[in-house]
*Asks:* 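Mind having a look at this structure? Questions to follow.
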There are 2 protein chains.
Amino acid sequence: MARPSQAKENLIKAAYDLIWETSYGATSVDDICARAGVRKGSFYHFFESKAHLTIATLDAGRAKHFPELNEIFSPLVPPLERFVRFAGYVLFYQQERLALTGHVCGCALSSLGSEVGSMDELIRTHIIDIFSSHLRYYESAIRDAAREGLIDGTDAPLKAKMIQHYVQGALTHARVLNDLTPVHDMARSMLHILGAKPDLIPALS
Amino acid sequence: MARPSQAKENLIKAAYDLIWETSYGATSVDDICARAGVRKGSFYHFFESKAHLTIATLDAGRAKHFPELNEIFSPLVPPLERFVRFAGYVLFYQQERLALTGHVCGCALSSLGSEVGSMDELIRTHIIDIFSSHLRYYESAIRDAAREGLIDGTDAPLKAKMIQHYVQGALTHARVLNDLTPVHDMARSMLHILGAKPDLIPALS
DNA sequence: AAAATACTTGACTAAACAGTCAACAACCAC
DNA sequence: GTGGTTGTTGACTGTTTAGTCAAGTATTTT
């Protein structure tokens with residue numbers, strides 16, 4: 001019968017944190033074990049390799065964040081407000097991670113995908129799948145906003161991609177500059193990209 | 001008297017190519033030497049470390065690209081056309097690199113900065129400096145376009161940042177998805193972000 | 001109490017890696 | 001032709017790294 005253990009979850013959390021803070025390549029199996037408080041034998045009991053653990057961190061991240069994104073992008077939320085709330089959600093996690101690490105960490109998926117994407121097909125396709133989900137949140141909100149006459153509805157898919165690319169570029173910049181200004185500008189910029197009229201924009205908190 | 005040698009230039013080019021193709025961490029000194037066709041003793045004769053060589057690649061990239069960017073963003077070029085030409089310039093280099101490597105490589109600065117920025121301050125500040133220059137190209141073009149009545153001139157600095165973040169997000173996506181579609185969409189999207197009226201947009205080639 | 005299952009360990013192995021070094025070679029000035 | 005300067009070499013060293021393994025331990029079921 002199974003012997004209860006937190007080792008697996010601790011390894012996933014440790015890998016998630018370390019890879020996001022620095023990079024995939026700079027994060028060794030020993031580093032992850034040290035952060036998780038387990039020994040290498042345990043690591044390899046649960047995971048075939050660092051790459052397999054990384055896939056588990058992506059799945060854990062999805063499990064953690066998608067319920068929250070479902071709330072933010074719920075069809076019950078006024079469409080443009082979804083983007084404002086989303087900007088708040090991004091800022092919240094960036095500030096939290098900044099407090100823990102001392103520097104802005106940006107988008108974990110984007111950094112990981114960029115670094116590892118040409119060398120590990122499994123990690124790459126997992127990230128692409130998550131990116132596709134994000135894109136559908138944006139598209140749905142854009143269509144709903146157009147239906148309410150809040151914005152011009154032409155080319156919703158392209159606008160969704162603009163939003164997605166802009167958000168990730170802003171997070172990458174925040175990380176490189178070690179400065180949250182791009183994240184603070186996010187709500188306003190997304191609404192600008194969508195062509196929302198200023199008087200129709202919900203309060204930017 | 002100096003003994004003529006191409007070793008240094010070959011090392012710089014090799015490092016530039018390999019780091020852009022894969023990543024900083026996945027590129028070893030041995031890899032660079034193999035690609036450059038020199039031995040490790042020569043590597044360390046010219047460069048103190050891989051990090052120092054990377055700084056040299058950033059300087060070389062700047063020397064190569066800035067004359068071209070000066071032409072693209074010349075005040076003699078109609079402002080909105082500068083963005084269209086810039087998109088063409090980005091596409092050209094992405095297609096060239098795709099042909100050489102078999103996969104989309106995205107923005108070398110962005111990838112490198114994201115991967116290494118929290119661990120090497122010298123590399124980070126070099127990249128930030130280059131980013132600042134790019135931003136000034138965008139701002140200048142935006143102000144010129146506003147002066148000509150082509151776009152709304154409010155908040156030129158924020159729009160320049162939107163452009164910059166969007167461009168880098170698009171390139172990161174192109175790299176992760178291994179698909180140039182985001183780069184093909186770039187001209188159109190940048191002009192949309194700037195709020196350019198369709199009839200004022202120069203021909204999208 | 002015994003057996004089965006799952007978790008834990010850290011020394012160990014082999015490979016990868018950054019960086020060093022003394023010696024040699026090529027080029028140019030004198 | 002000689003001496004000075006610069007470039008080249010690859011075996012070598014020490015460290016880092018991923019991954020293995022036999023043995024031990026903890027938990028649960030029978």
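Chain identifiers are assigned alphabetically (A, B, ...) following the order of the sequence lines, protein sequences preceding nucleic acid strands; residue numbering begins at 1 within each chain. Model, not experiment: these values are computed from the prediction.
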*Asks:* Taking the six-membered ring of A:Tyr166 (Phe, Tyr or Trp), confirm whether the NZ or CZ of A:Lys161 is under 6.0 Å from its centre and within 45° of its axis.
*Replies:* no
*Asks:* Between atom CG in B:Asp30 and atom C1' in C:dT20, what is the gap in whole Å?
*Replies:* 14 Å
*Asks:* Let me spell it out: for each of B:Gly41 and A:Lys50, pick the nucleotide of DNA chain D with the closest heavy atom. Which residue's pick is nearer the 5' end?
*Replies:* B:Gly41
*Asks:* Regarding A:Lys50 and the six-membered ring of A:Tyr24, is the cationic atom NZ or CZ under 6.0 Å from the ring centre and inside 45° of its axis?
*Replies:* yes
*Asks:* Starting at CG of A:Leu11 and ending at C1' of C:dT9, how long is that distance when rounded to a whole Å?
*Replies:* 14 Å
*Asks:* How many whole angstroms separate atom CZ of B:Phe43 from atom P of D:dA11?
*Replies:* 19 Å
*Asks:* For C:dC7 and A:Ser42 - does any side-chain N or O of the residue sit under 4.0 Å from the phosphate oxygens OP1/OP2?
*Replies:* no
*Asks:* Whether B:Tyr44 contacts C:dT20 is assessed here as follows: a side-chain N or O lying under 4.0 Å from the phosphate OP1 or OP2. Is that the case?
*Replies:* no
*Asks:* Using whole Å, report how far CD of A:Gln6 lies from C1' of C:dA6.
*Replies:* 15 Å
*Asks:* Do we see a donor-acceptor contact under 3.5 Å between the side chains of B:Asp179 and B:Thr181?
*Replies:* yes
*Asks:* Could you check A:His165 against B:Ser189 for side-chain contact (heavy atoms from CB on, under 4.5 Å), going step by step and ending with a plain yes or no?
*Replies:* CA-CA 10 Å; A:His165 299 163; B:Ser189 295; over 6 Å; no
*Asks:* Would you mind reading off the distance between A:Arg3 atom CZ and C:dA6 atom P, rounded to a whole angstrom?
*Replies:* 12 Å
*Asks:* Identify which nucleotide among C:dC7, C:dC27, D:dT8 has an atom closest to any side-chain atom of B:Pro4, counting heavy atoms from C-beta outward.
*Replies:* C:dC27
*Asks:* Rounding to an integer number of Å, can you tell me how far B:Glu9 CD sits from D:dG7 C1'?
*Replies:* 13 Å
*Asks:* Measure from NZ on B:Lys40 to C1' on D:dG14 and round the result to the nearest Å.
*Replies:* 12 Å
*Asks:* Pick the closest DNA chain D nucleotide for B:Ala7 and for A:Val29 by heavy atoms, then say which residue is nearer the 5' end.
*Replies:* B:Ala7
*Asks:* Please tell me whether B:His52 and B:Ser49 have a donor and an acceptor in their side chains that are separated by less than 3.5 angstrom.
*Replies:* yes
*Asks:* Counting only side-chain N and O atoms of A:Ser5, is one of them less than 4.0 Å from OP1 or OP2 of C:dT8?
*Replies:* yes
*Asks:* Under 4.0 Å: is that the gap between some side-chain N or O of A:His45 and OP1 or OP2 of C:dC7?
*Replies:* yes
*Asks:* Calculate the interatomic distance between A:Phe47 atom CZ and D:dA18 atom P; express it in whole Å.
*Replies:* 15 Å
